[in-house]
**Student:** 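Here it is: the structure, laid out below.
When a ligand or atom number is given, it counts from 1 through the structure's own listing order.
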Amino acid sequence: MTLTFLVFLVIRAVPSEAVVCSPGEYAVHGECCPMCSPGQRVQKHCNNFSSTSCIPCVGNTYTDHPNGLEECRRCKFCDEELKLIIKEKCVYTRNTVCGCREGYFCRDFHDEDCEMCQKRTICPPGFRVSSPGTVTSDHVCEICPKGTFSAANMSMVCTPWTRCEDSGMVEVKAGTSASDAGCGRGRDAVTTGAVTGLIILVLLLIPVAVFLYWRKKKKRKQYEPRKPETEGLEKGEEALVLVPENGREIAIGIQETASHPGVLGL
Ligand SMILES: *[C@@H]1O[C@H](CO)[C@@H](O)[C@H](O)[C@H]1NC(C)=O
Ligand SMILES: *[C@@H]1O[C@H](CO)[C@@H](O)[C@H](O)[C@H]1NC(C)=O
């Protein structure tokens, strides 16, 4: 404001330019001429006989205000080196508007236009985003308070560590700011579990064993041929004995061979 005023004073102080023109006019050679519209420039200044002659801006140029310029302004270039990108293309009535590429914010912002960008901070695991960045500001990260963690980049929240005791387990790995606590069955729990398992196994095996023993015994009883009455038989003598088979008794020949009685055939 002050500077503009000073400049104004200096201009006024210069005798040859000491002309105050009405709005929409500009001073040239001590005379006031009508301005050209935005998108145009002066081709020929006005004189006592004709008004200002204007022509449109061409190529990569523009004028964004009523003006008395002899040349249109050159469109701004969004420098990739400064991570700038074109946000709004230059038109004859408006300059280019530069913005920042993805992952960057504007460090030097004037009139909705950016001059220079800076890489955004990534809040790493162990931190949360306490204040998300804007066009002109970086992300603000905050360390996860004790007892909480965040495992991903750009976490919005810090999650409390899992309380293992709540699920009847014990903590086998302490939580950090970047990782959850690890739960597991403790050594006591493992022993208790093993003993319980063993008891259950034994309890299951007892009836099975009993059943198997009983079946085996029954089978033997059922299929063991009745001890033939061999007493009184001389060696080589034959006898008919009744052997129960499938509930019916059939006769088979028994011959006393050696000391053991043998089944000869049916
Ligand atoms: C324009 O007319 C003014 C008087 O109205 C005169 O003083 C001035 O010299 C003239 N300028 C030219 C360029 O003819
Ligand atoms: C976080 O981002 C960095 C790169 O910005 C990457 O190397 C890393 O693997 C990421 N970590 C996780 C947990 O996503």
**Student:** Counting neighbours of CZ on Arg73 that are heavy atoms of other residues, nucleotides or ligands and sit closer than 6.0 Å, is the number greater than 12?
**Tutor:** no
**Student:** How far is atom 5 (O) of ligand 2 from its nearest protein heavy atom, and which residue and atom is that?
**Tutor:** Ile122 CD1, 3.6 Å
**Student:** Under 4.0 Å from atom 7 (O) of ligand 2, is there at least one protein heavy atom?
**Tutor:**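 No, there is none.
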**Student:** Nearest protein heavy atom to atom 9 (O) of ligand 2, by residue and atom, and its distance?
**Tutor:**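 Result: Asn153 ND2, 4.8 Å.
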**Student:** So, for atom 14 (O) of ligand 2, does the protein have a heavy atom nearer than 4.0 Å?
**Tutor:**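 So atom 14 (O) of ligand 2 has protein heavy-atom neighbours under 4.0 Å.
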**Student:** Using the rule that two of Ile, Leu, Val, Met, Phe, Trp, Tyr join whenever any of their side-chain heavy atoms come within less than 4.5 Å, decide whether Val42 and Met35 are in one cluster.
**Tutor:**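 Yes, one cluster joins them.
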**Student:** Which atoms of ligand 2 sit under 4.0 Å from any heavy atom of Ala151?
**Tutor:** 13 (C)
**Student:** Report yes if some heavy atom in the side chain of Asn153 is under 4.5 Å from a heavy atom in the side chain of Pro125; otherwise report no.
**Tutor:**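 Counting from C-beta outward, Asn153 and Pro125 do come under 4.5 Å.
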**Student:** Heavy-atom contacts under 4.0 Å between Pro124 and ligand 2: side chain, backbone, both, or neither?
**Tutor:**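 Contact part for Pro124 vs ligand 2: neither.
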**Student:** Return yes if some donor-acceptor pair links the side-chain N/O of Thr61 with the main-chain N/O of Arg74 below 3.5 Å, else return no.
**Tutor:** no
**Student:** Using the side-chain contact (heavy atoms from CB on, under 4.5 Å) rule, pick out the option among Cys21, Pro66, Cys33 that qualifies with Tyr26.
**Tutor:**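 Only one option passes, and that is Cys33.
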